[in-house]
Amino acid sequence: MHLAVYLPLLFPALAGLSAGPLARRLEPRLATWLLTAAGLLLAASSTLVLGLLTLAGLVRIPLVDALKGYSPELVARQDPATWPAALAGAVLLALAVLAAARLAARRAGALWSAALEAACMPGPGPVVVTDDPGADAYAMPGLPGRIVISHGMLDALDPAGREILLSHERAHLRHHHYAFVALTQLAAAANPLLRPLSGAVAYTVERWADEHAARHTGNRRAVAETVARAAIAAKRSRGARRIPAAALGVLGRRPAPGMVPRRVAALLAPPPRSRPLLLAAAAALLAATGLCALEAAHDLHRFLELAHAR
């Protein structure tokens, strides 16, 4: 059980290191789905093995042995997890569950607030134009979702740029990009080693929307110019900006340093293609993670069965 239980705790670090290259080299939609699924599986596997370590430590407590009918001699002889490892697993498990529950509550509250705000916006159409002189544009999930664009942003773009902007924001709503971001944030809350992966998904959903706009307009250079102009206009805005927590925009809600230049460079390059070798390597990592977690659970189950024999 020892090797199987510790490997899923190390694989998220490898996933965090590889998330950036995967986000840049894979087709954005494929990268978003792959990284989101990987984040959820890795977070679930690491949480599972922390639970197994905790359980392996609990069976060594004399009171638990007496209540469950375990053999103290066999438990001491097999020693599935040392006390320090079991204690560390219990502490990390408690922190992971608490952090994930807290973030889930915050994200649910943000979605509910965004849905209410979107429903209360004027007009029946999906696009809402505000009088804000600052340059802002973002998509708000809801029923229905809304696209919010400020006058400052409209003034900064020409008609073609405005159409590109709308196409970009429609992609955020149509493909539920906030769900991908929220799920990877949840995975990163359960396992902080996955924070680079969560940041990579924040980038790939923007690239997904960029590529959607590029296909819609048929002009990748025009989309790149619009992204750059929108970024410059937003940077020059001095007005107070209150963007809802559930919003996704043409610049991203909190763009990481260098995100906009990377997006512009990607749009000026040929359209991305799928890379079978990268996909195979990612699939192998996920398969190894799942198998190790299942093997650890199976070994612990067999140990508990044997411990019942007196």
Side-chain angles (χ1 to χ4, degrees), residues 19-20 23-24 28 31-32 110 113-114 117-118 121 126-141 145-173 175 177-178 180-182 184-185 188 195-196 198-214 216-217 219-269 272:
R24 292 190 295 271
T32 301
S113 298
E117 188 169 345
M121 286 181 173
V127 180
V128 177
V129 179
T130 69
D131 294 329
D132 188 356
D136 277 329
Y138 50 89
M140 289 182 59
R146 297 294 188 102
I147 297 171
V148 181
I149 304 176
S150 68
H151 265 296
M153 182 63 78
L154 292 178
D155 293 339
L157 301 175
D158 57 18
R162 296 169 189 168
E163 181 60 30
I164 289 171
L165 177 66
L166 286 173
S167 179
H168 178 104
E169 301 302 335
R170 288 192 190 103
H172 281 319
L173 290 180
H175 300 293
H177 287 170
Y178 180 76
F180 293 100
V181 175
T184 52
Q185 287 176 342
R195 286 178 181 172
S198 178
V201 170
Y203 169 75
T204 59
V205 294
E206 293 297 330
R207 284 283 300 117
W208 184 348
D210 289 342
E211 292 297 329
H212 175 87
H216 178 74
T217 61
N219 191 334
R220 298 177 63 82
R221 177 171 290 275
V223 177
E225 291 175 353
T226 298
V227 171
R229 288 176 183 172
I232 294 172
K235 188 174 182 179
R236 290 177 178 173
S237 298
R238 295 184 179 181
R241 305 175 68 191
R242 192 194 68 80
I243 301 178
L248 285 174
V250 69
L251 306 177
R253 184 170 177 263
R254 292 180 181 177
M259 179 184 289
V260 173
R262 290 198 302 271
R263 289 169 56 196
V264 171
L267 285 165
L268 294 177

Exercise: identify the closest heavy-atom pair between [X] and [Y]:
{"X": "A200", "Y": "A23", "answer": "CB-CB, 4.0 Å"}
{"X": "A231", "Y": "V260", "answer": "CB-CG1, 3.8 Å"}
{"X": "D132", "Y": "S150", "answer": "O-CB, 3.4 Å"}
{"X": "D136", "Y": "M153", "answer": "O-CB, 3.5 Å"}
{"X": "V264", "Y": "A224", "answer": "CG2-O, 3.8 Å"}
{"X": "A233", "Y": "A156", "answer": "CB-CB, 3.5 Å"}

field: Pairing residues for P28 by the side chain to side chain contact (heavy atoms under 4.5 Å, CB included) criterion, not counting sequence neighbours
entry: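 Only R207, W208, E211, P272 meet the side chain to side chain contact (heavy atoms under 4.5 Å, CB included) criterion with P28.
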- request: With sequence neighbours left out, write down each residue that passes side chain to side chain contact (heavy atoms under 4.5 Å, CB included) with A222, or none if nothing qualifies.
  value: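 For A222 the side chain to side chain contact (heavy atoms under 4.5 Å, CB included) partners, ignoring immediate neighbours, are I164, N219.
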Just how far is it from atom [atom1] of [X] to atom [atom2] of [Y], taken to the nearest 0.5 Å?
{"X": "R170", "Y": "L165", "atom1": "CZ", "atom2": "CG", "value": "9.5 Å"}
{"X": "T130", "Y": "L154", "atom1": "OG1", "atom2": "CG", "value": "8.5 Å"}
{"X": "M140", "Y": "E117", "atom1": "CE", "atom2": "CD", "value": "4.0 Å"}
{"X": "I147", "Y": "Y138", "atom1": "CD1", "atom2": "OH", "value": "12.0 Å"}

Test side-chain contact (heavy atoms from CB on, under 4.5 Å) applied to H151 and D131, step by step: CA-CA 6 Å; H151 265 296; D131 294 329; 3.5 Å; yes
message: Closer than 3.5 angstrom, by distance alone: can the side chain of R220 be matched with the main-chain N or O of L268 as a donor-acceptor pair?
response: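 Checked: no pair found.
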- request: Look at the rings of H172 and H168 and say which category their plane angle falls in: under 30° parallel, 30 to 60° tilted, over 60° perpendicular.
  value: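 Taking H168 first and then H172, their aromatic rings stand perpendicular (interplane angle over 60°).
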message: Run the side-chain contact (heavy atoms from CB on, under 4.5 Å) test on T217 and V223 for me, step by step, so that the C-alpha distance in whole Å, both residues' side-chain angles and the decisive distance to 0.1 Å come before the verdict.
response: CA-CA 8 Å; T217 61; V223 177; 3.7 Å; yes
message: Working note: Y203 + R263, criterion side-chain contact (heavy atoms from CB on, under 4.5 Å); need CA distance, chi angles, decisive distance, verdict.
response: CA-CA 8 Å; Y203 169 75; R263 289 169 56 196; 3.7 Å; yes
task: Kindly indicate whether the side chain of L173, heavy atoms from C-beta on, has any atom under 4.5 Å from the side chain of E169.
output: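 In short, these two side chains do not touch, never coming nearer than 4.5 Å.
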- prompt: Considering residues, nucleotides and ligands other than R162, do more than 12 of their heavy atoms fall under 6.0 Å from its CZ?
  reply: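 Result for CZ/R162: enclosed.
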